[in-house]
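Just so you know, these numbers use all the heavy atoms, side chains as well, and skip hydrogens, waters and symmetry mates. Keep in mind that this is a model prediction, so the values were computed, not measured. Within every chain, numbering begins at 1; the chains are lettered A, B, ... in the order of the sequence lines, protein sequences first and strands thereafter.
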Protein chains: 2
Amino acid sequence: MSSELWFSLFILAKLGAINKKIEISSTKFSKEISASQQTASRRIIELEKLGWISREPHGTGHYLQITKSGNNQLKDVYNILGSIFEPKQKSIEIEGELFTGMEEGGYYVSREGYKKQFIKKLGFKDIYPGTLNLELTTEEDIKNRKILLDRKDLGIVIEGFKNKDRTYGNVICFKCKVNEKIDGALLEIERTHHKETVIEIIAPFHIRTALNIKDGDKVKIRVFLNNF
Amino acid sequence: MSSELWFSLFILAKLGAINKKIEISSTKFSKEISASQQTASRRIIELEKLGWISREPHGTGHYLQITKSGNNQLKDVYNILGSIFEPKQKSIEIEGELFTGMEEGGYYVSREGYKKQFIKKLGFKDIYPGTLNLELTTEEDIKNRKILLDRKDLGIVIEGFKNKDRTYGNVICFKCKVNEKIDGALLEIERTHHKETVIEIIAPFHIRTALNIKDGDKVKIRVFLNNF
DNA sequence: ATTACTATGTTTCGAGTAA
DNA sequence: TTTACTCGAAACATAGTAA
């Protein structure tokens, strides 16, 4: 992300372009961003290319409005700053829908190099060799999950390792309660193809059996943050 | 403000440098900011020069911590984003201590070009030719005042004008209640030498007399935001 | 008025490297 | 290992200007 473009977007938001289209010329905008008219024009073009704003011709100038995607750019920063300045919240709730994945996560977590660390660092007796996969559906849940991705410093680091076949990256985990009953851990597996709407949970035993839940059921996770 | 430096500071905050010193080498930091070690080193030097972070040598590297001033840089953006995303608040409370100023503001507001507009746009019967000056002392009050400065789009624009002697700039005003009793308006006079800790209030009559207040008294202002 | 291109000037970046 | 300098290269901003 270019930080100049982010700040240009931020200024447009201050000017009210977040809920409504605003009429602004490149000359007026250049004053707001303290740059030349040419630079302001270029910024507007670049913001549009990124899909952060939409433009509509109007007279000799144009109307501008921040798009959903642009809104998210700003909101992501806002949420992270919120987690920095108002970390009163010791836990974050995330709800998702249970589904059966490809057991890739299960393969990972049952590697000895990881398993030993999970047991030691999470204080678990054992690790069940599989993960509980949840699909996140609401914006609120996805937002909260992003906070975890961005605040890995609030999680527990499980260090990666190498064996003769391949390299295993670090895993960041957050202790959690599943449906307010079972102690588990939410995993953020580094270097995995990063899917924003899926979370994976491990526990000392088979969660599905213990909670008697099946695919499609809603499952609530309360994620605990470190240092609180 | 350089936006790259702001984002570098933001990343340090994410890494936890906001409440405690963190140990980070320029190489590690370079990965966080997606730049070279040289650039990371330069950024750290520049952040220190700006006074946004402090450094302490440690072994061959150093400890970093965000300073009060750096904290404010981040918080300012956070507060503005808050006013953008959570504008539920229809009014903002600001408290300050009454003092006698140089009546510069009073001179301004009694110019005919302004006075007519105040009466029309604020719906006041008259304008008393003087301003009530308040000195802000708490961080909370200064923060709230900054929101007004940053969200002038939520205020009422009184347009500037020229006479043969000089040019008078725009004035942005916000309707307000003084001590929950008197209707007035808080003024943000553009191009004035900008003093963050002082606010000026006008009203249709002499507020000091009406409220029987004197220098040193605490006065509470409830500022109303437009578009709500 | 505008927007936005080209050409030139300025700033910023990172490879190489010293300490 | 570090940090942080120099300097050529790459990126970026602005003046001039056409449409």
Side-chain angles (χ1 to χ4, degrees), chain A residues 1-12 15-17 20-67 70 73 157 159-160 162 170, chain B residues 1-12 15-17 20-67 70 73 157 159-160 162 170:
Chain A
M1 170 174 56
S2 152
S3 51
E4 270 86 11
L5 288 176
W6 189 90
F7 267 96
S8 297
L9 191 73
F10 175 65
I11 284 165
L12 286 173
L15 295 171
K20 59 179 195 292
K21 50 193 179 191
I22 60 165
E23 191 185 346
I24 191 164
S25 69
S26 56
T27 307
K28 261 193 277 172
F29 188 49
S30 73
K31 276 158 197 151
E32 299 290 340
I33 62 173
S34 307
S36 67
Q37 174 272 324
Q38 292 87 340
T39 295
S41 169
R42 195 159 18 82
R43 292 273 164 84
I44 290 168
I45 294 166
E46 283 161 357
L47 285 170
E48 193 186 23
K49 265 191 204 150
L50 276 171
W52 292 0
I53 63 169
S54 62
R55 274 204 284 183
E56 193 185 298
H58 174 247
T60 164
H62 43 218
Y63 282 129
L64 299 185
Q65 180 160 10
I66 294 173
T67 62
Q73 295 300 322
V157 181
E159 274 154 35
K162 273 184 204 179
N170 283 355
Chain B
M1 170 173 53
S2 152
S3 52
E4 270 84 13
L5 287 176
W6 189 91
F7 266 95
S8 297
L9 191 73
F10 175 64
I11 284 164
L12 286 173
L15 295 170
K20 57 178 196 292
K21 52 193 177 191
I22 60 165
E23 192 186 345
I24 191 163
S25 69
S26 55
T27 307
K28 261 193 279 171
F29 187 49
S30 72
K31 277 159 197 153
E32 299 290 342
I33 61 172
S34 308
S36 67
Q37 174 273 323
Q38 291 87 339
T39 295
S41 169
R42 197 155 14 82
R43 291 272 165 84
I44 290 168
I45 293 167
E46 283 161 357
L47 286 171
E48 193 187 23
K49 263 191 205 151
L50 276 171
W52 292 0
I53 63 168
S54 61
R55 275 206 284 183
E56 192 185 298
H58 173 248
T60 163
H62 43 218
Y63 283 128
L64 298 185
Q65 180 160 8
I66 293 174
T67 62
Q73 295 300 322
V157 181
E159 274 154 37
K162 272 185 205 178
N170 283 355

Original post:
B:Arg42 CZ to D:dC7 P: how many Å, rounded?
Top reply: 15 Å
Subject >> Spatial distance of atom CG (B:Leu47) from atom OG1 (B:Thr67) [nearest 0.5 Å] >> reply: 9.5 Å
**OP:** Can you label the angle between the A:Trp6 ring and the A:Phe10 ring as parallel, tilted or perpendicular, going by 30° and 60°?
**Re:** parallel
Original post:
From the 5' end of DNA chain C to its 3' end, which nucleotides mark the outer limits of contact with chain A, defined by a 4.0 Å heavy-atom distance cut-off (strictly under)?
Top reply: C:dA1 to C:dC5
**OP:** Starting at CD1 of A:Ile24, measure out to CG of A:Leu64 and round the result to the nearest 0.5 Å.
**Re:** 7.0 Å
Original post:
Can you tell me how far C1' of D:dA4 sits from CD of B:Glu48, to the nearest Å?
Top reply: 13 Å
Subject >> Length of the line joining A:Glu46:CD and D:dA11:C1', which is rounded to integer Å >> reply: 11 Å
Original post:
Would you say B:His62 reaches D:dT3's phosphate, i.e. side-chain N/O to OP1/OP2 under 4.0 Å?
Top reply: yes
Original post:
Can you list the residues that meet the salt bridge (charged side-chain N to carboxylate O under 4.0 Å, His left out) rule with B:Glu48, with sequence neighbours excluded?
Top reply: B:Arg55
Original post:
What distance separates B:Ser8 OG from B:Glu32 CD, expressed to the nearest 0.5 Å?
Top reply: 11.0 Å
Subject >> From B:Ile11 atom CD1 to B:Ser34 atom OG, the distance as rounded to the nearest 0.5 Å >> reply: 7.0 Å
Original post:
Looking at side-chain heavy atoms only, is the closest gap between B:His62 and B:Ile44 below 4.5 Å?
Top reply: yes
Subject >> Between P of D:dA4 and CG of B:Leu47, the distance in whole Å >> reply: 13 Å
**OP:** Would you tell me if any nitrogen or oxygen in the side chain of B:Ser41 comes within less than 4.0 Å of OP1 or OP2 on D:dT3?
**Re:** no
**OP:** Quickly work out the B:His58 NE2 to D:dT3 C1' distance and round it to whole Å.
**Re:** 15 Å
Subject >> Helical bend (five base pairs per end, nearest 10°) for the helix from C:dT2-D:dA19 to C:dA19-D:dT2 >> reply: 40°
**OP:** Give me the ring orientation class for B:Tyr63 and B:His58: parallel if the planes are under 30° apart, tilted from 30 to 60°, perpendicular past 60°.
**Re:** parallel
Original post:
Would one find more than 12 heavy atoms of other residues, nucleotides or ligands at under 6.0 Å from atom NZ of A:Lys28?
Top reply: yes
Original post:
For B:Glu23 and D:dT3, what is the distance between atoms CD and C1' respectively, to the nearest whole Å?
Top reply: 15 Å
Original post:
Roughly, in whole Å, what's the span from CD1 in B:Ile44 to C1' in D:dC5?
Top reply: 15 Å
Original post:
How would you list all residue pairs meeting salt bridge (charged side-chain N to carboxylate O under 4.0 Å, His left out) that involve residues 38-47 of chain B, not counting sequence neighbours?
Top reply: none
Original post:
Between B:Arg55 and D:dT3, does any side-chain N or O lie under 4.0 Å from OP1 or OP2?
Top reply: no
Subject >> Nucleic acid contacts - residues 32-39 of chain B versus DNA chain C, non-hydrogen atoms under 4.0 Å >> reply: B:Ala35, B:Ser36, B:Gln38, B:Thr39
Subject >> Gap between atoms CG and C1', on A:Leu5 and D:dA11 respectively (whole Å) >> reply: 13 Å
Original post:
Excluding sequence neighbours, so at least two apart, what forms side-chain hydrogen bond (donor to acceptor under 3.5 Å, both in side chains) with B:Gln65?
Top reply: none
